[in-house]
Amino acid sequence: MEKTLLQSLSPRFVGWHDSGAVLHTDSRQSYGRRVVEHYEIEYIVFSRSGCIVTNGIPVQTIPQSVFLRSPGMEVEGIGVYRSLFVEFDLNDGADRLQALDRLTPVLFNGEELDLDEAFFLGLALPAQPELWQLLDWKAKLLRLLAVLLRQGGASPETAGQEGSAAVRRALRHIRRHYAEPITLEQLAGAAGYSSCYFCKLFKKVTQLTPLQYLVRYRLEQAKRRMLDSDEPLEAVMLEAGFHNYGYFWRAFREVYGFSPQAFRRQARQSPGQLTEPGRGIAESGSGCAGPWDLV
């Protein structure tokens with residue numbers, strides 16, 4: 001059935017979007033929650049504090065990463081980032097391709113796949129395209145689909161709904177217990193997998209290791225408390241699950257580009273005017289070296 005559909009595949013252009021037209025200035029701003037109507041492929045041009053939540057799984061918007069969304073998914077973009085994405089159908093009907101639907105919402109680093117900003121800019125079409133432009137667009141999109149299917153051709157267990165559901169169980173555990181000590185074994189147990197396999201699965205779905213994700217989640221909780229209350233930073237740190245002020249200070253500065261004190265001060269003096277942060281925890285370390293208590 002799928003091979004028959006592939007043989008007759010004739011992608012139909014629906015729309016092309018540049019989020020830079022309404023670029024956010026605040027990490028808490030949302031592009032709005034919506035249900036996806038068509039297939040979508042999104043390329044992240046740059047990001048300061050962005051996150052895309054797809055079917056309940058938040059994934060950091062790392063520059064040059066590529067997201068794939070299928071009809072029916074619920075999605076919300078939050079924070080400061082710029083992306084380009086194309087909406088399309090597989091043909092004039094409403095056919096679905098299971099091979100695409102099995103892939104995770106976030107896929108790969110575009111640089112490794114020879115996909116860049118220029119390629120995604122080339123997926124835009126004028127209001128009244130000429131015949132050669134339609135053919136050129138279809139050729140580009142078919143090439144893009146081929147690349148994604150080739151690179152994402154893992155087993156359904158690792159790339160499909162079962163893997164995503166397992167990661168969601170681990171994320172629920174983090175949301176409920178982030179202020180408590182959490183071990184890798186606890187998260188793997190909540191997901192229903194061994195620790196080693198869980199690490200690989202979690203990284204594939206979220207692009208972060210479990211440790212990186214937990215640290216980012218705790219930092220986000222601390223940041224909200226800092227902006228919404230006058231609690232001392234030591235109390236904020238403890239309520240967010242950190243128990244070492246030096247570690248909290250370094251992690252906060254690495255992700256947001258400011259010390260906690262400077263961030264709170266500048267956010268209150270000039271909301272929405274924070275400068276671009278540094279490298280960020282998401283790009284450092286593996287976080288899965290062995291059994292650990294997540295600090």
Do [X] and [Y] come close enough that some side-chain heavy atom pair is under 4.5 Å?
X: T209; Y: Q212; result: yes
X: K140; Y: L123; result: yes
X: L142; Y: P11; result: yes
X: P210; Y: L184; result: yes
X: I44; Y: Q64; result: no
X: F119; Y: R143; result: yes
X: L219; Y: F242; result: yes
X: Y31; Y: I52; result: no

Exercise for review: With sequence neighbours left out, write down each residue that passes side-chain hydrogen bond (donor to acceptor under 3.5 Å, both in side chains) with Y81, or none if nothing qualifies.
Suggested key: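 Partners of Y81 by the side-chain hydrogen bond (donor to acceptor under 3.5 Å, both in side chains) criterion come out as none, since no residue qualifies.
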Exercise for review: Using the test side-chain hydrogen bond (donor to acceptor under 3.5 Å, both in side chains), find all partners of D18 that sit at least two apart in sequence or belong to another chain.
Suggested key: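 Expected list: R82.
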Which residues share a side chain to side chain contact (heavy atoms under 4.5 Å, CB included) with [X], sequence neighbours left out:
X: E231; answer: R225, S229, A235, V236, E239
X: H173; answer: H177, I182, Q186, L187, A190
X: K138; answer: S10
X: Q133; answer: L125, P126, P129, E130

Review point. Taking the six-membered ring for Trp, are Y43 and F85 ring centroids under 6.0 Å apart?
Key: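 That pair fails the under 6.0 Å test.
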Please enumerate all residues that pass ring-ring contact (aromatic ring centres under 6.0 Å, His included) together with [X], with sequence neighbours excluded.
X: W137; value: F13
X: F202; value: F198, Y213
X: Y178; value: Y217

Review point. Is the count of non-hydrogen atoms from other residues, nucleotides or ligands lying under 6.0 Å from E76 atom CD greater than 12?
Key: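 Atom CD in E76 is packed in, count exceeds 12.
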Exercise for review: Using a cut-off of 6.0 Å, state whether more than 12 heavy atoms not belonging to R33 lie near its atom CZ.
Suggested key: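 Counting neighbours around CZ of R33, 12 or fewer heavy atoms of other residues, nucleotides or ligands fall under 6.0 Å, so no.
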**Study point:** Path from L9 to L135 over hydrophobic side-chain contacts below 4.5 Å
**Key:**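 Unlinked, L9 and L135 end up in two clusters.
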Review point. According to a 4.5 Å side-chain heavy-atom criterion applied to Ile, Leu, Val, Met, Phe, Trp and Tyr, with indirect links allowed, do L97 and V14 form part of one hydrophobic cluster?
Key: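 As far as the 4.5 Å side-chain criterion goes, V14 and L97 are not connected within one cluster.
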Practice item. Output yes when E42 and R69 qualify as a salt bridge under the 4.0 Å nitrogen-oxygen rule, no when they do not. Key: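 Here E42 pairs with R69 in a salt bridge, since their nearest N and O are under 4.0 Å apart.
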Check your understanding: If you measure from the Lys or Arg side-chain nitrogens to the Asp or Glu carboxylate oxygens, is any gap between R216 and E254 under 4.0 Å?
Key ->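 Between E254 and R216 there is no salt bridge, as every charged N stays at least 4.0 Å from the carboxylate O atoms.
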State whether the side chain of [X] and the backbone N or O of [Y] hold a donor-acceptor pair below 3.5 Å, judged by distance alone.
X: R264; Y: M226; result: yes
X: S47; Y: T61; result: yes
X: Q29; Y: D26; result: yes
X: H24; Y: G79; result: yes

Check your understanding: Which pairs, with at least one residue in residues 50-61 and sequence neighbours excluded, count as a salt bridge (Lys or Arg N to Asp or Glu O under 4.0 Å)?
Key ->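 The answer is none; no pair qualifies.
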Practice item. May I ask you to list the residues sharing a hydrophobic cluster with V53, side-chain cutoff 4.5 Å, ordered by chain and number? Key: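 V53 clusters with I78.
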Review point. Using a side-chain heavy atom cutoff under 4.5 Å and only I, L, V, M, F, W and Y, what cluster partners does W132 have?
Key: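 Noted: W132 shares its cluster with no other residue.
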Point to revise | side chain to side chain contact (heavy atoms under 4.5 Å, CB included) assessment of L90 paired with R96 | key: CA-CA 7 Å; L90 296 178; R96 301 283 294 266; 5.6 Å; no
